[in-house]
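One structure is given below, encoded as structure tokens.
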Amino acid sequence: MTELEGIKKSYNGEPVLRGVSLKIEDGEFISVMGESGSGKSTLLGIAGGFIQPDGGRVLWNGRDISSLSAADTARFRCTEMGFVFQSFRLISTLTARENIMLPAMLAGQDVKKVREYMLFICGELGIDGMLDKYPQKLSGGQQQRTAIARALAFRPHTVVLDEPTGALDSAMQQKVMQLLKEINAEGTTVIQVTHSAAMAAYGGRTVRIKDGMLCG
Ligand SMILES: Nc1ncnc2c1ncn2[C@@H]1O[C@H](COP(=O)(O)OP(=O)(O)OP(=O)(O)O)[C@@H](O)[C@H]1O
Ligand SMILES: [Mg+2]
């Protein structure tokens, strides 16, 4: 379970989040919406422990993440939380395949088992034919699908996706949403940011950020 309690964050004195609380239960599929610049990526970054809030607490399975060591935080991310960044953040010196396998390898998972599932995911996403390419040789949509595969392949407990279909055509957008629905039905918690009401509707609950606050 991921809990945000009274999260506050300002940049250069400008408040972005003014006290946001959100509890995401295990097995939920939640969509976060809000205007550009409203703080959606900031909120996801805080939930993932990548961005430090100015106030409030983030709890992963009841543990305040500020009490975790850097090693524990890294371990948690490699085993529990798959992240798709808005700007993808693929590692340019690794092939698509190596990028996708990296979390599982860092977490010491059974690479053979992960490889099978990874090939299934890549097949679903239509990138199985380009796994030996480096990110700069991939189109934006192919990079986005690689980033999605990296977040899903190690079967994390929770997947966090920041506008995961922004670079994709509508058929592939639906395919990604179907895939998220399937893994959610198998028990994975899904947290997505989207600008699209149609994409949000795949989830079970939608919350909106407005004026630094969350509304229902
Ligand atoms: N590292 C940073 N330094 C300074 N300001 C920042 C930083 N990150 C975000 N901001 C500002 O915080 C606000 C919220 O940014 P954020 O990226 O969270 O918005 P968003 O809702 O994800 O927008 P979008 O829909 O365009 O992705 C914006 O005004 C942005 O300029
Ligand atoms: Mg954003």
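Note that the coordinates shown come from a computational prediction; the quantities given were computed from them, not determined experimentally.
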Atom pairs and distances, donor-acceptor, side-chain atoms in residues 121-131, under 3.5 Å, two or more places apart:
none

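Proximity of I183 to R155: side-chain heavy atoms (C-beta onward) are nowhere separated by under 4.5 Å. Within the 4.5 Å cutoff, no side-chain heavy atoms of L17 are placed close to those of K8. The shortest distance between side-chain heavy atoms of T42 and I46 falls below 4.5 Å. L94 is listed as a side-chain neighbour of L102, based on a closest heavy-atom distance under 4.5 Å. You'll find the side chain of V159 stays beyond 4.5 Å of the side chain of I191, heavy atoms only. Using a 4.5 Å cut-off on side-chain heavy atoms (C-beta onward), I65 and T73 make no contact. Between L214 and R208 the shortest side-chain heavy-atom distance does not fall below 4.5 Å. With contacts defined as side-chain heavy-atom distances shorter than 4.5 Å, the pair L90/R150 qualifies.
Summarising the geometry, atom CD belonging to E35 is positioned 8.5 Å from atom CG belonging to D211; distances are rounded to the nearest 0.5 Å. Taken from OH in Y134 to CD in E98, the straight-line distance is 5.5 Å, to the nearest 0.5 Å. To the nearest 0.5 angstrom, F29 atom CZ is 11.0 Å from T188 atom OG1. Summarising the geometry, atom NZ belonging to K23 is positioned 5.0 Å from atom CE belonging to M1; distances are rounded to the nearest 0.5 Å. Taking OG1 from T194 and CD from Q173, the interatomic distance works out to 8.0 Å, rounded to the nearest 0.5 Å. To the nearest 0.5 Å, atoms CZ (R115) and NZ (K112) are separated by 8.5 Å.
You'll find the ring centres of Y117 and F154 outside the 6.0 Å limit.
Within the cation-pi definition used here (under 6.0 Å to the ring centroid, within 45° of the axis), R77 qualifies as a partner of F50.
Listed for the K9 side chain is a donor-acceptor partner under 3.5 Å among the backbone atoms of Q52. Here the side chain of T189 pairs no donor or acceptor atom with the backbone of D26 at under 3.5 angstrom. When atom types are taken as modelled, the side chain of D169 and the backbone of A171 share a donor-acceptor pair closer than 3.5 angstrom. Of the possible donor and acceptor atoms, none in the side chain of E182 sits under 3.5 Å from a partner among the backbone N and O of L179. Listed for the S196 side chain is a donor-acceptor partner under 3.5 Å among the backbone atoms of A198. E5 places no side-chain N or O within 3.5 Å of a backbone atom of G56 that could act as its donor or acceptor partner. Side chain of E14 to backbone of Y11: no donor-acceptor contact under 3.5 angstrom is found. Counting only distance, with no hydrogens or angles, the side chain of S69 and the backbone of D72 share a donor-acceptor pair below 3.5 Å.
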Going through the distances and angles, do V190 and E28 end up as a side-chain contact (heavy atoms from CB on, under 4.5 Å)?
CA-CA 6 Å; V190 179; E28 264 205 274; over 6 Å; no
Run the side-chain contact (heavy atoms from CB on, under 4.5 Å) check on E3 and V58 step by step: do they pass?
CA-CA 6 Å; E3 287 173 88; V58 180; over 6 Å; no
Apply the test side-chain contact (heavy atoms from CB on, under 4.5 Å) to residues E80 and W60: give CA-CA distance (whole Å), side-chain angles for both, the deciding distance (0.1 Å), then the verdict.
CA-CA 10 Å; E80 302 263 339; W60 286 338; over 6 Å; no
Start with the C-alpha gap between T95 and K133, add the side-chain angles, then the distance that decides, and say whether side-chain contact (heavy atoms from CB on, under 4.5 Å) holds.
CA-CA 5 Å; T95 64; K133 290 193 176 183; over 6 Å; no
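Ion pairing between D162 and K40 fails under the 4.0 Å rule for side-chain N and carboxylate O.
When every heavy atom of S38 is checked against every heavy atom of I209, the shortest pair comes out as O-CG2, 3.3 Å. What you find for S10 and G13 is that their closest heavy atoms are CB-C, 4.3 Å. For V114 against A153, the heavy-atom pair with the smallest separation is CG1-O, 3.5 Å. Annotation for G27 and N184: closest pair O-ND2, 3.0 Å, computed over non-hydrogen atoms. Across all non-hydrogen atoms, the minimal contact from S31 to A200 is OG-O, 3.1 Å. Residues A151 and P156 share a closest heavy-atom pair of O-CG, 3.1 Å.
By the criterion of side-chain heavy atoms lying less than 4.5 angstrom apart, applied directly or through intervening Ile, Leu, Val, Met, Phe, Trp or Tyr residues, F85 is not grouped with I91; the two fall into different hydrophobic clusters. Grouping the Ile, Leu, Val, Met, Phe, Trp and Tyr side chains by contacts below 4.5 angstrom, directly or via other members, places M101 with F120. A chain of hydrophobic side-chain contacts below 4.5 Å, direct or via other Ile, Leu, Val, Met, Phe, Trp or Tyr residues, connects L4 to V193. Under the 4.5 Å side-chain heavy-atom criterion for Ile, Leu, Val, Met, Phe, Trp and Tyr, L138 and L119 are members of the same hydrophobic cluster. Criterion: ILVMFWY side-chain heavy atoms under 4.5 Å apart, direct or through other members. Under it, M199 and V160 are not part of a common hydrophobic cluster.
For the pairing with E163, the side-chain hydrogen bond (donor to acceptor under 3.5 Å, both in side chains) check across Q86, Q144, Q192 returns one residue only, Q86. Residue V207 forms a side chain to side chain contact (heavy atoms under 4.5 Å, CB included) with just one option from L43, L22, V20, I24, and that option is L22. When V84, I100, L180 are each tested for a side chain to side chain contact (heavy atoms under 4.5 Å, CB included) with I148, only one passes: V84.
By the neighbour-count criterion of 12 heavy atoms within 6.0 Å, atom CZ of R205 is densely surrounded, having more than that number from other residues, nucleotides or ligands.
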